[in-house]
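Letters A, B, ... mirror the listed sequences (proteins, then strands); counts begin at 1.
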Number of protein chains: 2
Amino acid sequence: MAQIATIKKVSRTLIATKGVSGLSLREVAREMGVVSSALYRYFATRDDLLTALIFDAYNDLGASVERADAKASSESAGERFRITARAVRRWARRHPHEYGLIYGTPVPNYVAPVSTIEAATRVPRVLSKILSDAQEAHPFPLNVDAARDVDQFLEVEALEEVLVDVPREMYVRALMAWNMIFGFLSFELYGHYVGSVKNANVMFEKVLDELAGLLGL
Amino acid sequence: MAQIATIKKVSRTLIATKGVSGLSLREVAREMGVVSSALYRYFATRDDLLTALIFDAYNDLGASVERADAKASSESAGERFRITARAVRRWARRHPHEYGLIYGTPVPNYVAPVSTIEAATRVPRVLSKILSDAQEAHPFPLNVDAARDVDQFLEVEALEEVLVDVPREMYVRALMAWNMIFGFLSFELYGHYVGSVKNANVMFEKVLDELAGLLGL
DNA sequence: GCAACTAAGAGAGCGGTGCTCTTGCAATTG
DNA sequence: CAATTGCAAGAGCACCGCTCTCTTAGTTGC
């Protein structure tokens with residue numbers, strides 16, 4: 001196996017057990033039976049390795065969600081929304097540290113490269129497709145006022161690339177739903193539901209119900 | 001000044017400039033003109049120092065929000081909700097790294113002590129009071145079904161201590177609103193709105209409008 | 001078939017980290 | 001005055017990211 005792939009694989013298992021702050025190049029090297037300086041031939045810095053892992057995590061999550069939606073193509077829009085949202089959650093719970101890598105506190109001075117941004121839109125794209133399909137099937141009565149000034153605070157040109165065929169009236173709620181899903185997972189994974197939510201599975205379904213209502217699904 | 005207070009103060013300025021991962025006991029000691037081992041008399045470990053800072057951050061945020069709500073006591077419930085939510089956001093934007101300390105990726109193996117949990121409920125308590133006041137003033141028509149099985153997935157006994165006089169029918173939406181506010185801030189502060197939201201001030205107001213609608217405010 | 005080049009790891013070392021343990025000093029107390 | 005206590009200093013351990021030079025193994029070109 002190419003060394004780069006091995007390094008990333010070992011790093012992922014290390015992150016899975018000790019968290020991202022517990023990832024050290026020296027330990028990766030030790031695990032590989034190689035001296036630490038050898039790794040610098042493949043990753044100039046620890047942050048470069050993290051960037052590669054972030055990129056992979058976005059794509060892994062994106063692929064999982066795309067797969068889930070593809071399998072649910074015959075379902076109703078509301079069901080597809082729930083299925084894909086559950087796929088996001090399942091991935092997050094299975095890879096909590098990789099989730100933290102992409103949706104937790106960013107490493108200081110980290111600037112996402114363009115390729116990462118691209119990978120990060122895969123989940124929103126899936127949710128967007130469901131919205132536009134639903135809107136096409138039976139249009140949801142929308143408040144036209146909501147579309148008037150969205151270009152004042154949203155990057156409509158960029159959003160149109162992701163929210164294809166989604167009416168502008170829905171942009172705010174669509175962003176909210178996206179945000180709510182990941183906000184929920186952060187709260188769940190980071191322990192903010194301890195003492196208030198005892199069955200996150202059920203609570204998540206309730207949240208999905210509310211979001212579906214908000215989105216007219 | 002007591003050494004403990006000095007250590008925390010220096011730590012806070014250090015965190016503000018270099019982030020939480022950039023906080024080192026040795027640098028704190030250097031800044032104080034003292035040798036690093038001296039600090040271990042006051043904090044047995046770096047994590048203990050962080051725990052103290054987390055506790056302070058929760059209380060600082062809680063006090064800010066309580067103050068904002070107290071000043072808005074004559075306003076309508078909807079306005080109070082917006083004012084306190086804005087206070088949360090203002091605090092988060094002014095103390096992004098302390099925000100990360102409490103709502104970002106937790107340090108591995110970290111377990112919040114009871115005192116911290118108590119401090120963490122100050123914001124929810126304020127939001128809850130607004131809800132119960134509004135419900136008292138003019139009751140919001142609630143779906144009684146929503147109250148039926150909440151004890152199946154929520155810690156109703158513990159929640160009743162915080163959500164005082166808030167009808168159970170609203171528990172899910174109340175938790176969602178709380179979660180949405182912090183989810184929004186995490187997205188805003190951690191750069192997930194780059195490329196989609198260009199004016200977070202306005203977007204936040206739109207989100208508050210939606211949440212107010214959801215809560216009947 | 002041999003020389004030249006290249007890819008990849010070894011090893012030493014720098015300055016940094018959290019943390020421990022022993023030592024020394026100074027103030028306070030009995 | 002003697003004893004105790006509080007507090008900081010200093011040395012040192014094992015780890016970290018990262019840099020630099022050196023050696024080895026393999027490949028290429030003639």
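Ion pairing of D165(B) with K129(B) is absent here, as no side-chain N (NZ or NE/NH1/NH2) approaches a carboxylate O to less than 4.0 Å.
Scored by the side chain to side chain donor-acceptor pair (under 3.5 Å) test, E188(B) finds R89(B), R93(B) as partners (sequence neighbours excluded). Legend: residues meeting ring-ring contact (aromatic ring centres under 6.0 Å, His included) with F81(B), ordered by chain and number and at least two apart, are absent. Here T121(A) pairs with R125(A) under the side chain to side chain donor-acceptor pair (under 3.5 Å) rule; sequence neighbours left out. E161(A) meets the salt bridge (charged side-chain N to carboxylate O under 4.0 Å, His left out) test with no other residue; sequence neighbours excluded.
F43(A) has its CZ atom 15 Å from the P atom of dT19(D), to the nearest Å. Between the C1' atom of dC19(C) and the OH atom of Y40(B) lies a distance of 5 Å, rounded to the nearest Å. Atom pair M32(A):CE and dA10(C):C1' shows a separation of 14 Å (rounding to whole Å applied). Between the CZ atom of R46(A) and the C1' atom of dT17(C) there is a distance of 13 Å, given to the nearest Å. Distance, L39(A) CG to dT19(D) P: 13 Å, rounded to whole Å. Separating the CD1 atom of I7(A) from the P atom of dG9(C) is a distance of 8 Å, rounded to the nearest angstrom. Distance CG (L14(A)) to P (dC16(D)): 10 Å, rounded to an integer number of Å. Taking atom CG of L50(A) as the reference point, atom C1' of dC18(D) lies 15 Å away to the nearest angstrom.
Aromatic ring centres of Y190(B) and Y103(A): separated by at least 6.0 Å.
Atom-to-atom distance recorded for Y58(A):OH and R122(A):CZ is 13.0 Å, nearest 0.5 angstrom.
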- Do L154(A) and S196(B) pass the side-chain contact (heavy atoms from CB on, under 4.5 Å) test, and can you show the C-alpha distance, the side-chain angles, and the key distance before you say yes or no? CA-CA 6 Å; L154(A) 298 183; S196(B) 56; over 6 Å; no
- Query: Nucleotide by nucleotide, 5' to 3', does protein get under 4.0 Å of the base (B), only the sugar-phosphate (S), or neither (-) in nucleotides 4-11 of chain D, counting heavy atoms?
  - Reply: ---BBBB-
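Against DNA chain C, the stretch residues 15-30 of chain B makes heavy-atom approaches under 4.0 Å through L23(B), S24(B), L25(B), R26(B), R30(B).
Checking S186(A) against Y99(A) by side-chain atom types alone, a donor-acceptor pair falls below 3.5 Å.
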